[in-house]
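Report on the structure given below.
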Amino acid sequence: MIRTIAFLLMLSLSAQAQYFTKVTTGPQSNDGGDSRSVNWIDTDKDGDLDLFISNGPAAKANNFLYMNNGDGTFTKNTTASVVNDPGSYDGSTWADFDNDGHIDVYTATWYGQTNSLHRQYGGDFQKVIHGDIATDKTYSETASWGDYDNDGDVDLYLANSAVNKANILYTNNGNGTFSKVVTGPIVSYEATSRSVDWFDYDNDNDLDLFVANEGGENNLLFRNDGNGVFVRITAGAVVTDGGDSFGSSVGDIDNDGDMDIFVTNHGNTASFLYRNNGNSTFTRIMTGTAATRTGYAVGSAFGDLDNDGDLDLMVANAFAGTSAVPNSLYLNDGTGIFSAIDTGIVSTDVGWSYGVAFGDYDRDGDLDIATANCFGANQNNALYRNMGNGNAWLTVKANGTVSNKSAIGAVIRVKATINGSSVWQYRMIAGQSGYCGQNLEAHFGLRDATIIDSLVVRFPSGITVVRTNVAVRQVQTVDEPVPAGYLRGSWIADTLQGRVPLTVQFTNTSVADAGLSVQWQWDVNGDGVNDAATKDASFTYAAADTYSVRLIASNGTTTDTLRSKDAVLVLRPITSPVFLSAIPFVNDTTIAKNGKVQFSVNVLDTSDSPVTYSWSRNSTVQASVTNTYQYTSVAILPAPRVDTFRVTVSNAFRTVQKLWLVRVANTTVSVGEEPLVPQYRLAQNYPNPFNPSTTIAFQVPQAMRVSLKLFDSIGREIRTLADRTFEAGDHAVDVDMSGMTSGVYLYRMTSGAFVETRKMIVTK
C-alpha cells in the first residue's frame with residue numbers, strides 16, 4: 001500500500017514538474033555573462049523578494065540587483081554602490097549586520113582582490129572601506145553570516161581556496177566594525193574550501209559550522225561548544241568521505257526535527273547525502289537518484305517546490321569539459337529519498353549554472369527558481385516560474401530584536417494535518433545555502449491542510465514565539481518580543497572614516513524593555529570623559545587620529561557597557577589637490593621566449609586613502625595585487641610576439657594606468673639564466689610502470705584552472721583526475737587504477753593555452 005501511494009505521488013509530481021515555465025522577458029532574464037550567486041532578498045522592505053546576482057570573471061564585472069515591481073516584473077538597479085563596484089565576485093551573503101533595520105551585503109572575490117561589504121542606509125548603499133573585513137585580499141569562494149556567539153549580531157565566515165587557504169572568521173563588535181579571529185581550528189585549518197554553512201546540527205541552540213572542500217579533501221564539521229570554542233569532528237562519513245565538493249545545503253529532508261546535509265560533488269562523481277541520526281552523528285544515504293547520479297554538481301538548494309510537505313532539491317551543474325549540461329531537479333518521496341525529474345524546462349535547459357535559489361517572487365504561494373549561469377562566460381541567467389498545483393502553503397518572515405535583526409539562525413517549526421497525518425516541518429534561516437544561494441524567508445508546503453495547528457519560532461536568543469490556529473496561504477511575520485527588564489547597549493555611526501573636521505552621528509540601537517527608563521553615557525574620543533548624555537549622540541572630531549568609542553546604557557539596576565577600540569579613523573585634511581602618480585620602473589623591452597621581466601611602480605599618494613593595484617597581461621588579470629609584478633614567458637607559446645602589460649592603480653579619488661609592450665623573441669635563455677618563477681610543466685608519473693597507484697606532478701606559473709584527465713590507449717576519456725584552480729608552483733595528484741586492466745593509458749593536462757599528454761603503464 002505504501003509503495004502504491006509513493007508511486008502515485010511520483011506520477012503526480014512528475015506531471016506537476018512540467019508546470020515550471022521559463023521567464024524570457026525582463027532584465028533579470030536578459031543579463032548574464034560569468035555569474036555566480038543567487039540571493040532572493042527583500043532589499044527595500046516593500047514585502048516582495050528582490051533578486052541579486054554576483055558576477056565573477058577574472059577581468060572583473062559589476063553585480064546585478066533587480067528590484068521586484070510587485071507585479072511579476074523587475075527593474076534593474078543601476079545606481080547603487082553594490083552594482084557599481086567591479087570585482088571578480090563569487091558568493092554573496094545578505095544580513096542586517098548593524099541591526100539598523102536595513103539589510104546589507106557582503107560579496108567574496110577571487111584573484112587576490114579585496115572582498116566587498118556594502119552597508120545600506122535606507123535604500124542607499126555605501127561601501128565599507130575600514131577594517132580587516134574590507135581590506136583583506138584573498139582567494140575567496142563564498143561567505144556566510146551567522147551569529148556564532150549568540151550576542152545579537154551576525155558574524156561572518158569566509159571560505160578560501162588558494163594561496164593562504166586558512167578560512168577567516170570576523171566577529172561583529174556590535175557597532176558596525178569587526179575583529180578578525182586569529183586562533184582556533186576554524187581559522188587555522190587549511191583546506192581548499194568552497195562553501196560554508198552555519199547550522200545547528202546537534203540542536204543545542206548554537207550555530208555549528210560545515211565547510212565543503214574540493215580536490216579530494218575531506219569536508220569539515222566543527223561543533224560549537226559556546227564561548228567561541230569550536231571542536232573539529234574527525235569521525236564519521238560526513239568528514240571522511242573525501243570528494244571534489246563545491247557546496248552544501250542543509251535541511252530536514254525527513255521531517256524528523258533535525259538538519260540533514262546534501263553536498264555537491266564535481267568531476268563526474270556522485271554527490272553526498274547524509275541523514276542526521278539525531279545523536280550528533282550522520283549516516284550517508286546510498287539510495288535515490290540524488291545520492292547516486294554522477295555529474296558536475298556545483299550549487300544546490302532545498303525547497304518544497306510542489307507544496308506537498310517535504311523538501312525537494314535543485315542542483316546546479318557546471319564545468320563539464322566543453323559541454324553544456326542541464327541542471328537537476330529531484331523530488332522527495334517523503335522519507336528523504338530523492339528521484340530525478342528529467343523532463344520539463346528546468347531539467348532540460350542546458351548551460352553551466354553556479355548558484356541556485358528558491359524564492360516566491362510573485363507571491364502566489366509556490367517556489368520559483370533563479371540560476372546564475374556562466375557557460376562560455378556569456379550565458380544569460382535564468383528565472384523559472386512555478387505555475388503551482390493548488391496545494392496550501394505558508395511563508396514565515398522572522399524579525400529579531402534581542403537576536404540579530406535578520407533572525408539568521410532562527411529555527412521555525414510548523415505543525416499541520418497533511419493527508420490525514422499530523423506532520424511537523426522544520427526550517428532554519430541561514431546566511432547561505434548550496435554554493436552561492438540564499439533566501440531569508442522560510443517556506444512550508446502544506447498540501448491539503450486547512451489550518452496550521454502550531455507555528456513555533458525559536459530565535460537565536462532562545463526566546464520562542466508560539467502561535468496556534470494560523471491560517472494557511474499567507475505570509476506570516478513574527479517579531480521577537482523583548483523580555484521584561486531586558487537591556488543591551490549597541491550603537492552604529494553614519495560614518496567611521498573621514499577628514500578633519502569630521503562630524504559623526506552615533507545612533508543608539510540598544511534593545512530595552514519598553515517599560516525601562518534608560519540613561520546614556522558616551523565617551524566618543526577615548527579620553528575617559530563623558531561627551532554626551534543623549535540617546536543619539538553627535539560629535540565633531542577636530543584632530544586627525546584613531547579614536548575609540550564607549551557607550552554605557554543603564555536603567556538604574558542593569559548596566560551594559562560597549563567599548564570599541566580604534567573604531568573611528570579621522571584623516572588629516574587635504575591641503576593640496578589629491579595627486580596620484582604611477583611612475584614606471586621599466587620601459588618597453590624585449591625578452592626571450594622563456595625569459596622574464598619584472599615591473600614595478602612607485603606611487604605618490606597625498607590622500608591617505610588605501611591604494612590598490614591590478615595587473616593584466618593581454619587583458620587577463622594576473623595574480624599580483626602589489627606594486628610589483630614578475631612575468632616569465634611561456635616557451636611553448638608562439639614567438640615572436642608582442643604582449644601587452646597594464647597596471648591599474650587606484651585610491652578613493654583617482655585611477656591611473658600604465659601600459660608596457662614586451663616583445664617576445666624567438667630565442668631561449670641558457671640554463672644558467674632560467675627564470676626563478678614557476679612554469680607550465682607536466683611530469684612523467686612516478687612510479688611507472690605501476691600497480692595500482694601512481695603520482696602525477698605538474699607545475700603552473702600562476703593561479704590557474706587546471707584540467708587533468710585520464711584516457712585509454714585509443715583516446716577515450718575514462719575520468720577527470722582534477723579540474724579546479726591551483727595556485728602558482730608545484731602540485732601532485734595521486735591516481736588509483738584499482739579495477740583497471742593492464743596496459744598503456746594516457747593523461748592530459750590543459751591549462752590556459754598549455755596542453756600536454758603523456759603515457760603511463762599499468763602492470764598487474
- Using a cut-off of 6.0 Å, state whether more than 12 heavy atoms not belonging to Asp71 lie near its atom CG.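 Atom CG in Asp71 is packed in, count exceeds 12.
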
- More than 12 heavy atoms of other groups within 6.0 Å of Lys565 NZ: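 It does not: Lys565 NZ has 12 such atoms or fewer within range.
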
- Message: Donor-acceptor check, side chain of Ser554 to backbone of Gly556, threshold 3.5 angstrom: yes or no?
- Response: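 Yes, Ser554 side chain to Gly556 backbone: donor-acceptor pair under 3.5 Å.
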
- Message: Main chain of Thr546, side chain of Asp566: is a donor-acceptor contact present, judged purely on distance under 3.5 Å?
- Response: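 Not a single qualifying donor-acceptor pair exists.
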
If we count only N and O atoms by modelled type, under 3.5 Å, do the side chains of [X] and [Y] hold a donor and an acceptor together?
| X | Y | result |
| --- | --- | --- |
| Thr558 | Tyr486 | no |
| Asp132 | Tyr170 | no |
| Asn175 | Ser564 | yes |
| Asn115 | Tyr106 | yes |
| Thr43 | Gln120 | no |
| Thr401 | Asn399 | no |
| Asp545 | Tyr541 | no |
| Ser406 | Trp94 | no |
| Ser37 | Ser54 | yes |
| Ser92 | Thr107 | no |

- Quick one: does Asp197's side chain get under 4.5 Å of Ser144's, heavy atoms only?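 When only atoms from C-beta onward are counted, Ser144 and Asp197 do not touch, as no gap falls below 4.5 Å.
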
- Query: Are Asp531 and Asn525 side-chain neighbours, meaning at least one heavy-atom pair lies under 4.5 Å?
  - Reply: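 They are in side-chain contact.
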
- Does the pair Asp90/Arg36 count as a salt bridge with the N-to-O cut at 4.0 Å?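 Yes, this pair counts.
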
- Task: Please list all pairs passing the salt bridge (Lys or Arg N to Asp or Glu O under 4.0 Å) test where one or both residues lie in residues 93-117, with sequence neighbours left out.
- Result: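 Pairs touching residues 93-117 that pass the test: Asp98-Arg119.
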
In terms of relative ring orientation, are [X] and [Y] parallel, tilted or perpendicular, with 30° and 60° separating the classes?
| X | Y | result |
| --- | --- | --- |
| Phe506 | Trp491 | perpendicular |
| Trp198 | Tyr157 | perpendicular |
| Phe74 | Tyr361 | tilted |

- Item | Ring centers of Phe97, Phe178 separated by less than 6.0 Å |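 Ring centroids of Phe97 and Phe178 are less than 6.0 Å from each other.
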
- Identified side-chain contact (heavy atoms from CB on, under 4.5 Å) counterpart of Asp50 within the set Asn69, Ile103, Asn77, Asp44: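 So the option named by the test is Asp44.
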
- Identify the heavy atoms of Asp147 and Asn404 that sit nearest to each other, and give their distance.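 Between these two residues, the closest heavy atoms are CB-ND2, 4.0 Å.
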
- Message: Test side-chain hydrogen bond (donor to acceptor under 3.5 Å, both in side chains) on Thr509 and Ser490; report intermediate values, then the result.
- Response: CA-CA 6 Å; Thr509 57; Ser490 61; 3.0 Å; yes

